[in-house]
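Read through the structure below, which is laid out as structure tokens, and then see the notes.
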Amino acid sequence: SQQGEEDPQALSIQEGENATMNCSYKTSINNLQWYRQNSGRGLVHLILIRSNEREKHSGRLRVTLDTSKKSSSLLITASRAADTASYFCATDAFNTDKLIFGTGTRLQVFP
Amino acid sequence: DGGITQSPKYLFRKEGQNVTLSCEQNLNHDAMYWYRQDPGQGLRLIYYSQIVNDFQKGDIAEGYSVSREKKESFPLTVTSAQKNPTAFYLCASSISRGEKLFFGSGTQLSVL
């Protein structure tokens, strides 16, 4: 079962622009995580935001969490061609012991 | 170098054959997971283990089996009962449930 749904499914931007991806989920969570996947590779963890946090930063990444709307967003500022990848949100829901991944956003950054 | 290692990178399965995918970690993590990824899709959980000698079915366990005899190792067997095994298989580990996952580089399984 898919807990998280990312929006948009695909995003194309020019280098230097900002990229925003959104994630919506269905049930209450302990935390929400964002991962990045280059084509044909494993996923790499980017940020974990807990249910009592509203915003978190890591370098050029900014994640927000709105538990009342059951949604999160990932903002990549001043994007680079090397940011081209798929980005997934994953939720650690209450009363489960596993992370559930969304379907991902494919980001293409053109030089 | 600490990390999680999957092998082989590519694997081919013949009709009616069982194949085993290897996953080893030296991060001293208690929890380990197997996910399946189909082209352009998200990850679906096959099996997970939170402690040695214990594991639970995920959302798509039918046609798969696992063992967790050692903390470092969590092999996945794709049995002949799995009728559509072609996919990218990802192994992951975490220090405990709900915490960030460390992923291996994946195994691409194809059917001959």
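Keep in mind that the numbers below use all heavy atoms, side chains included, and drop hydrogens, waters and symmetry copies. Proteins get letters first, then strands, A, B, ... in listed order; numbering begins at 1 in each.
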Distance in Å, A/Y35 OH paired with B/L101 CG, rounded so as to fall on 0.5 Å steps: 3.5 Å
B/L11-B/W34 co-clustered via ILVMFWY side chain contacts under 4.5 Å: yes
ILVMFWY network linking A/V109 to A/L61, side-chain heavy atoms under 4.5 angstrom: yes
More than 12 heavy atoms from other groups under 6.0 Å of CZ on A/R80: no
Over 12 foreign heavy atoms within 6.0 Å of CD, A/Q9: no
Atom CD of B/E69 with >12 non-hydrogen neighbours under 6.0 angstrom: no
Region of B/Q6 in contact with chain A, defined by heavy-atom distances below 4.5 Å: neither
Top of B/Q41, B/K9, B/Q37 for chain A proximity - count of heavy-atom pairs under 4.5 angstrom: B/Q37
Heavy-atom closest contact (A/L99 atom, B/Y35 atom, distance): O-OH, 3.3 Å
Interatomic distance, B/L90 atom CG to A/F101 atom CZ [nearest 0.5 angstrom]: 9.0 Å
Close approach to chain B in residues 36-50 of chain A, criterion heavy atom under 4.5 Å: A/Q37, A/G40, A/R41, A/G42, A/L43, A/H45, A/L48, A/R50
Within 6.0 Å of CD in B/E62, more than 12 heavy atoms from elsewhere: no
Heavy-atom proximity to chain A below 4.5 Å, by part of B/Q108: neither
B/I51, CD1 atom: more than 12 neighbouring heavy atoms under 6.0 Å: no
Cluster check B/I60, B/Y89: I/L/V/M/F/W/Y, side chain < 4.5 angstrom: yes
A/D92 side chain near B/E99 side chain, heavy-atom distance below 4.5 Å: no
Joint cluster assignment, B/V52 & B/Y48, ILVMFWY side-chain distance < 4.5 Å: no
Inter-residue atom distance A/K98.NZ - B/D59.CG, 0.5 Å rounding: 4.0 Å
Enclosure of B/Y10 OH (heavy-atom neighbours >12, cutoff 6.0 Å): no
Chain A contact via B/L45 - side chain, backbone, both or neither, heavy atoms under 4.5 Å: side chain
